[in-house]
Structure formats: structure tokens, C-alpha cells
Amino acid sequence: MGGPITSQLKRQQTYRASVDYMAGLNPEQREAVLQTEGPLLVLAGAGTGKTRVLITRIAHIVLEGRAEPWEILAVTFTNKAAREMKERVKNFVTPMPELPWMGTFHSMAARILRTHAELVGLTGPFTILDTDDQIRLIKQLLDAENIDEKRWPARQFAGMLDGWKNRGLLPKDVPERESDDFANGKGGKLYYDYQARLKTLNAVDFGDLLLECIRLFRENPDILAGYHRKFKYMLVDEYQDSNTAQYLWLRLLAQGKRASEANICVVGDDDQSIYGWRGAEVDNILRFESDFPGAKVIKLERNYRSTANILKAASTIIARNEGRLGKTLFTDIAEPGEPISFTQVYDSEEEARTIGEEVEQYQRAGEPLNSMAVLVRASFQMRELEERFITLGLNYRVVGGPRFYERKEIRDALAYLRLVAQPADDLAFERIINVPKRGLGDSTVKLLMEAARHQNVPLLSATRMLIETEELKPKQRSTLRGLVSQFDNWAYRGENLPPYQLVEQILEESGYMDMLAADKSVESQGRKENLKELSRSMEEFETLGGFLEHISLVMDRDSADASDAVTIMTLHSAKGLEFNTVFLPGWEDGTFPSQRSMDESGRAGLEEERRLAYVGITRGRKRVRISAAQNRRIHGLWQSAIPSRFVDELPPDAVEVTDRGSAYGGYGYGGGAASRFNKADPFESVYETPGWQRARANQANRKGGGPLTIEGELVARSVDLGGQSSGYALGDRVFHQKFGYGAIQSIEGNKLTIDFEKAGTKKVLESFVSKG
DNA sequence: CAGACAGCACTTTTT
DNA sequence: GTGCTGTCTG
């Protein structure tokens with residue numbers, strides 16, 4: 001597509017702007033749009049209209065006829081950002097027959113790799129492994145090497161792998177003293193083995209998408225040159241988040257021209273670099289001017305979002321960081337707005353309660369719930385907030401919770417589909433061979449794996465061979481024969497059937513739906529719903545391959561949830577969003593800044609945490625409410641805490657300190673730095689304090705909220721019955737999945753002795769029966 | 001082979 | 001405190 005001839009033809013096309021697109025841009029923004037030629041760095045502070053500039057710039061290039069849409073490459077980090085960009089560009093320019101190449105780094109790299117798969121040793125529809133598959137694969141390798149998984153967790157190695165790949169290191173490039181760190185020097189070999197294994201599976205992991213693409217470019221200059229001709233303009237969003245591999249990838253694509261003439265525009269904010277831990281190199285943005293000599297730099301500092309007080313607080317905090325490019329946000333609005341509020345509370349429960357009250361208060365004053373958000377440092381802080389909101393009956397929405405496509409039933413269904421699409425996908429095969437239960441246990445699987453390894457073929461092929469022999473027990477043999485023919489059948493039908501129908505048939509015929517139907521647990525209904533939702537989400541895909549590609553890259557599901565709800569999410573996932581009211585709980589040293597971050601990365605870690613604080617504060621339009629608990633339970637243990645050092649860094653004249661009555665033996669605001677060393681224990685009688693009593697009382701009162709709908713999903717909350725009361729009485733008629741109906745004879749804690757009508761007297765756990 | 005139980009890690013953030 | 005994994009047992 002887009003060869004010279006078609007490109008010539010299509011150039012006749014004239015595009016129109018759907019609006020006067022330059023209107024309303026300030027001089028800096030305007031310049032950032034108009035400066036299309038040569039390298040450009042746009043340093044855009046929070047709320048300065050960065051996205052708008054990016055989109056207008058794309059539109060401008062097209063409308064001016066400088067390039068056709070498909071000659072533009074625009075990359076983002078998150079799927080969300082990519083979606084938004086596509087949406088807005090589409091509506092900006094009419095007609096838009098073909099969109100620019102817009103998407104995440106990973107999806108763009110995947111798109112390129114698909115086109116040239118065979119050049120990097122992949123065939124056709126290769127699989128993109130997610131983290132879960134990755135871990136399982138590593139476990140197998142560890143097993144083969146006789147490495148104790150307890151001592152050397154697969155997860156840890158996965159982390160190392162990711163780190164290497166983020167830095168663009170192939171197995172041969174990893175410094176030995178790093179790879180030697182794992183499993184007494186076996187790390188390097190494991191990386192080799194891992195890659196070899198991926199090749200036989202015809203699969204890549206996330207990191208490989210970029211790495212293999214880089215290799216492709218390096219080993220095939222002609223292909224790279226093709227992309228040089230194709231992409232006349234490149235744009236990168238959130239450049240501060242790019243890692244080394246992504247940098248190398250961009251660099252290669254930009255090499256069509258001399259560095260000083262490359263039409264590459266990167267937009268970012270060094271103060272919002274919060275992904276250092278996963279390999280993002282702030283250096284990339286700090287270095288841009290030397291990477292691309294003569295680069296123009298435009299700073300966007302005029303903030304359109306927040307009050308002066310909020311900007312002041314954010315600027316004051318971030319000013320403490322070293323190694324910044326240095327921007328200062330300002331606003332034209334004269335009024336300072338509400339001061340930032342800081343409140344110290346007794347414990348996290350009181351914190352949740354306070355936030356709940358305030359949310360209700362603002363709601364009564366006419367603020368929609370949608371305009372409020374609670375931003376936490378870590379997800380464990382969410383539970384108490386959720387519980388509180390449930391008690392209050394406040395509608396809330398959790399962003400970034402368990403992902404749809406990571407649910408067990410969804411992954412099972414996907415494994416079936418993957419195996420249909422790609423018979424060499426052994427990981428998928430292992431996942432579903434005995435799901436639903438078919439009597440194919442470990443011993444059978446082991447046999448298959450041995451055969452597969454011997455013949456050097458995928459498991460499914462090995463199975464085909466084995467069922468023709470006498471090596472398997474008759475029962476397993478016929479089960480497997482049936483399974484293989486089912487897969488053949490599905491593959492055959494899949495040629496003509498739309499994917500969403502295929503998945504329904506597979507789930508039905510494989511017995512998966514029966515398995516769920518037989519499962520009387522609370523979740524099974526939800527699982528069925530999720531599978532229905534999966535099928536629905538597949539309706540827009542014409543081919544199975546297309547769908548699988550999509551889900552492996554887009555693990556999040558755009559939830560078009562229109563209902564009015566408070567948002568609860570992490571600071572990380574809040575980047576790029578804005579709310580009238582922002583609550584920032586948990587500003588305690590150790591929680592935020594996170595202890596771990598500081599332990600692992602020292603000063604750099606602290607600075608990244610500080611940027612996180614900056615991101616958090618700048619999400620607020622009208623008001624920001626910060627709080628810290630004096631006591632917090634970490635790993636089930638109560639620990640006292642002192643307010644975050646960031647609290648001390650706030651400008652006093654933009655902050656209002658509220659002391660909740662229950663603040664006890666307080667470390668007051670402003671005392672943080674000094675009192676950090678004051679370890680006199682103000683909590684010796686913690687258990688007698690009003691706060692504690694209240695906490696206990698509330699705990700006892702708390703009945704599980706039952707199922708409730710969040711983002712349209714059925715979420716079941718477990719009910720804490722607080723120990724003894726089982727809810728059953730002697731003589732109650734109950735139903736047990738396996739033993740059928742029966743009557744309770746005796747109760748011993750949560751163990752019930754039941755006289756079953758058919759199965760006789762059995763002792764079972766309460767959780768396995770339901771009221772009959 | 002399935003269910004029960006003990007032991008353990010987990011609480012940073014994601015493509 | 002919770003939820004997962006792996007092992008033991010019937």
C-alpha cells in the first residue's frame with residue numbers, strides 16, 4: 001500500500017478541515033503545529049494542551065498536503081492514548097480514507113513484523129505471548145535445567161528478561177555479570193534457551209516485538225529504506241516514557257535523512273516520567289537535542305487546567321528534583337482558587353470514611369461523581385476505599401483492576417482459539433488439554449511432551465502420532481483422538497465462520513460451558529457472562545487471526561461506561577486525565593514515596609516518586625485533597641506512619657491543613673522532616689483509642705456488599721461473617737455439588753457433618769454446600 | 001484424580 | 001489479611 005503510483009494518484013485527493021483548526025491555539029502551540037520540518041522537541045507541562053497540539057499537527061501536515069495520511073507515523077505508549085488520537089484525528093480531517101499509522105510502539109512494531117515475519121524466522125500468524133505465558137514457559141525451562149523455582153522464581157527471571165529487552169539487548173549482548181546473577185550463572189543460557197523455545201513455538205513476547213523489529217531493520221537495509229521512503233513524518237507522544245529499545249527503533253526509522261533534517265517530533269514532559277522502573281529512560285528526552293542536532297525546542301507552559309494554587313503546589317514540589325529541563329507552569333487566571341487541603345487521619349479506614357463524606361458533600365453541592373477521582377500510589381490502597389463506597393452506596397469505578405482478558409475463563413477460551421489458529425502453540429495446548437477435565441492428567445501430558453521433544457514437533461502433532469500407537473492407555477487414547485478431530489473440525493469450520501460464532505461453538509462442543517454450568521460457585525455465572533462478552537467483542541472481527549492480534553496487543557477493553565461514578569485508580573494510570581476534584585490519600589513516608597522505590601533506586605527512585613506527586617496534583621482542576629494516615633496495616637500488621645516528605649515540600653501559603661479530631665499524638669503538618677526522627681511512641685495504647693474502637697465496631701458491622709455492578713461486570717464481594725456464625729442450623733437441608741441433597745447433623749466451626757440422601761454421612765466444608 | 005490443607009508471597013506501577 | 005501454588009491424602 002502507498003507505493004509511489006497509488007500515492008501519486010491519491011494525492012489528487014483534497015482534504016478539508018472540519019473546523020478552523022488553528023483557532024484558539026496560543027503562540028507556542030501554534031508554532032509547535034507549524035514547525036513541521038526538521039526535528040522538534042515539544043516540552044509540554046501538564047495540562048498545556050499537548051494532545052491537542054499533536055493532533056492538530058497531524059491534521060496540518062495532511063491538510064497542507066505535505067504528506068498523505070499513510071505517510072505519517074504517530075506512536076503512543078498506551079492503547080488508550082492511541083485510541084483517543086485515532087478518534088480525534090478521524091474527526092478532524094474530512095475525508096479521511098485511510099488513517100495515519102497510529103498506535104502503540106508495540107502494535108506498530110507488530111504490524112511491521114507481520115509483514116516480514118519470515119525474515120526473522122517466524123512464520124505466518126505468529127503468537128504474541130503475554131506475561132502469563134512467559135512465566136509458564138520460563139518455569140518449564142527452569143524445570144529442564146533443574147533449577148529450584150523456589151530459590152530462583154520464574155517471575156524474577158521474567159523481570160530480568162524484560163529489563164534486557166527494554167534495553168535492546170539480545171542474548172549475546174547481556175553483560176555476564178548481570179546474567180550470572182540468576183541461578184548461579186545460568187541466566188545467560190536461559191535467555192538463549194528461552195529465545196530458542198519461542199522460535200519453536202513460533203511466538204514472540206512483548207519485548208521481542210521491538211527487538212525483532214530492530215533486528216529486521218538492521219539485517220535488511222532495503223526493507224528499512226522502504227520505511228524511510230514511506231514515513232515522511234514521525235510523531236511520538238509521551239517521549240519521556242520511551243525505553244532504549246523504543247529509542248533504537250525510532251532512531252532506525254528516522255535514519256532516512258540526516259539527523260538534523262529528520263522530520264521527527266517528540267512530545268513529552270520530563271517531569272511526568274514515571275515509568276523508569278520498567279526501563280523508560282528520561283535520558284532520551286533530555287538528550288534529544290544532541291541526538292538530533294539543530295532540533296527546535298518549544299516549551300508549553302501555559303496551563304489551561306488547574307487553579308493557581310494547584311499549579312503552585314505542583315511546581316514547588318517538582319522544583320526539588322535535579323536534572324530537569326525546567327519548565328514552570330502558569331495560568332492567566334488571577335484568583336488562586338481553593339487551597340490544597342492536607343488532612344491527617346487516624347488510620348486508612350478513617351481516611352476512606354473522610355473521602356467518602358467529602359465526595360457526598362461535593363455531590364450534594366452539585367458536582368457529578370464523574371468529576372471526582374481518588375488517586376492512590378498502590379492498588380492495595382483501593383480495597384478500603386471500595387468497601388467504604390459500597391457501604392455508602394456511592395457509585396464508583398475502578399480503573400486498571402483485573403483485566404478482562406486476563407481472567408481465567410477468557411484465557412481458556414483464547415487458548416482454544418489460539419490452538420485453532422496456530423497448531424504449534426504448545427502453551428495453549430497445555431492450558432486446555434484438561435480443561436474441562438477430560439481425564440488427561442500429568443502422566444498423559446508428560447508422555448505427550450516427551451514424544452514432542454523427541455520428534456521435535458509441537459504437542460498437537462505429537463498427539464496425532466501417539467494416538468496411532470499403543471503407548472497410551474485406551475481411555476486416554478480415545479479421548480485424545482476425539483480432541484484432535486475436534487480441533488481439525490474447528491479449524492476447518494473457522495475458515496468460513498465468523499470468529500464470534502466459532503468461539504461459541506468451541507465453548508459448547510468442548511464441554512467448557514457444561515463445566516461452568518455444573519459449577520455452582522458464585523463466580524461461574526460471572527464467567528459465563530464474561531464469555532458472552534468475549535463473543536460479543538469478537539463480532540467486529542472478520543478473521544480469527546485479526547482478533548487474536550488485537551487482543552494480544554490491546555489487553556485493556558475500552559469501557560464505554562456512561563454512568564456517573566467516582567473513579568478510583570493508581571497515580572500511574574491517571575496520567576493524562578483530569579478531574580475537578582482529586583483525592584490523594586496515603587501520603588505517608590513508605591507508602592508514598594514508596595519505600596521499595598527508594599530502596600531499589602535511591603535518589604532516582606525518590607525523584608520518580610516526586611514526579612508521581614506532581615502528576616497526581618496536576619490532575620486536579622479545582623481542588624486537590626491530600627491525606628495521610630497515622631496508622632496503616634501493611635501485610636496484616638499495624639504500623640505507624642509519618643506524613644510523606646512531600647507534604648513538607650508543599651508551599652504553605654497554598655495549603656490548608658485540617659486536623660481531624662482523632663489525630664492522635666500527632667506528627668503535625670510541617671513537623672515531618674524534624675519529627676521523622678522522633679520515634680517516641682504515641683500509640684502505646686492504640687487499642688483503646690476511639691479510632692481503634694470505631695474501626696473494630698465498623699468491622700463487625702460490615703456485611704459483605706453482595707454482588708454489585710462495576711463497569712458492567714458482576715463483582716462478587718466475599719462476605720466476612722466474622723468467624724463463628726455459619727448461617728446454617730442443625731437440620732437445614734443443603735445441596736452439595738458431589739453428594740447431592742442432605743440434612744445437617746452437626747456443625748463444627750465451618751465444618752458440617754451432613755447426612756446425604758444418597759451418599760451417606762459426610763463431613764464437608766461449609767463453603768461447598770448451598771441451601772437446598 | 002480431585003479435594004484439602006499448608007506454606008508462601010504479596011502490595012508499585014504496564015505494553 | 002488474602003489468595004495462590006504445590007503437595008499430600010483419600
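Since the model is a prediction, treat every value here as computed from it, not as a measurement. Lettering of chains follows the sequences in order, A, B, ..., and the numbering in each one begins at 1.
- We find that CZ of R167(A) is positioned 22 Å from P of dT15(B), with the value rounded to whole Å.
- Atom NZ in K408(A) sits about 13 Å away from atom C1' in dC4(C), given to the nearest Å.
- The 5' end of DNA chain B is approached more closely, in terms of each residue's nearest nucleotide, by R438(A) than by the other of R438(A) and T104(A).
- Among the nucleotides dG6(C), dT15(B), dT11(B), the one closest to any side-chain atom of F380(A) is dT11(B).
- Within the 4.0 angstrom heavy-atom criterion, no nucleotide atom of any strand lies near F105(A).
- Within the nucleic acid shown, G207(A) has no heavy atom closer than 4.0 Å to any nucleic acid atom.
- In this entry the distance linking CG of N243(A) with C1' of dT14(B) reads 12 Å, nearest Å.
- Taking the side chain of R633(A) as heavy atoms from C-beta on, and the options dA2(B), dG1(C), dT15(B), the nearest nucleotide is dG1(C).
- As rounded to whole Å, 15 Å separates atom P of dT14(B) from atom CD of Q246(A).
- As a whole-Å value, the separation of D205(A) CG from dT14(B) C1' is 14 Å.
- The nearest whole Å value for the distance from the CD atom in Q595(A) to the P atom in dC10(B) is 17 Å.
- Centre separation under 5.5 Å together with a plane angle under 30° holds for the ring of W277(A) and the six-membered base ring of dT13(B), marking them as stacked.
- Which of dA2(B), dT14(B), dT15(B) sits closest to the side chain of T131(A) comes down to dT15(B).
- Within the nucleic acid shown, L210(A) has no heavy atom closer than 4.0 Å to any nucleic acid atom.
- Rounded to an integer number of Å, the gap from R136(A) CZ to dG6(C) C1' is 16 Å.
- Residues that satisfy the side chain to side chain donor-acceptor pair (under 3.5 Å) test with E588(A), not counting sequence neighbours, are R632(A).
- Counting heavy atoms from C-beta on, the side chains of R431(A) and D132(A) come closer than 4.5 Å.
- The residues R136(A) and D133(A) are annotated as salt-bridged, a charged nitrogen and a carboxylate oxygen being separated by less than 4.0 angstrom.
- When ring centroids are compared, W152(A) and F157(A) stay outside the 6.0 Å threshold.
- dT14(B) atom P lies 11 Å from atom CG of L571(A), rounded to whole Å.
- Here E600(A) lies in heavy-atom contact (under 4.0 Å) with a base.
- With dT15(B), dT14(B), dT2(C) as the candidates, the nucleotide lying closest to the side chain of R383(A) is dT2(C).
- Of the candidates dT14(B), dT13(B), dT15(B), dT14(B) carries the atom nearest the S573(A) side chain, counting heavy atoms from C-beta on.
- DNA chain B is contacted by both T78(A) and R377(A); R377(A) maps to the nucleotide lying nearer its 5′ end (nearest heavy atom per residue).
- Checking side-chain atoms of E609(A) against main-chain N and O of G605(A) turns up no donor-acceptor pair under 3.5 Å.
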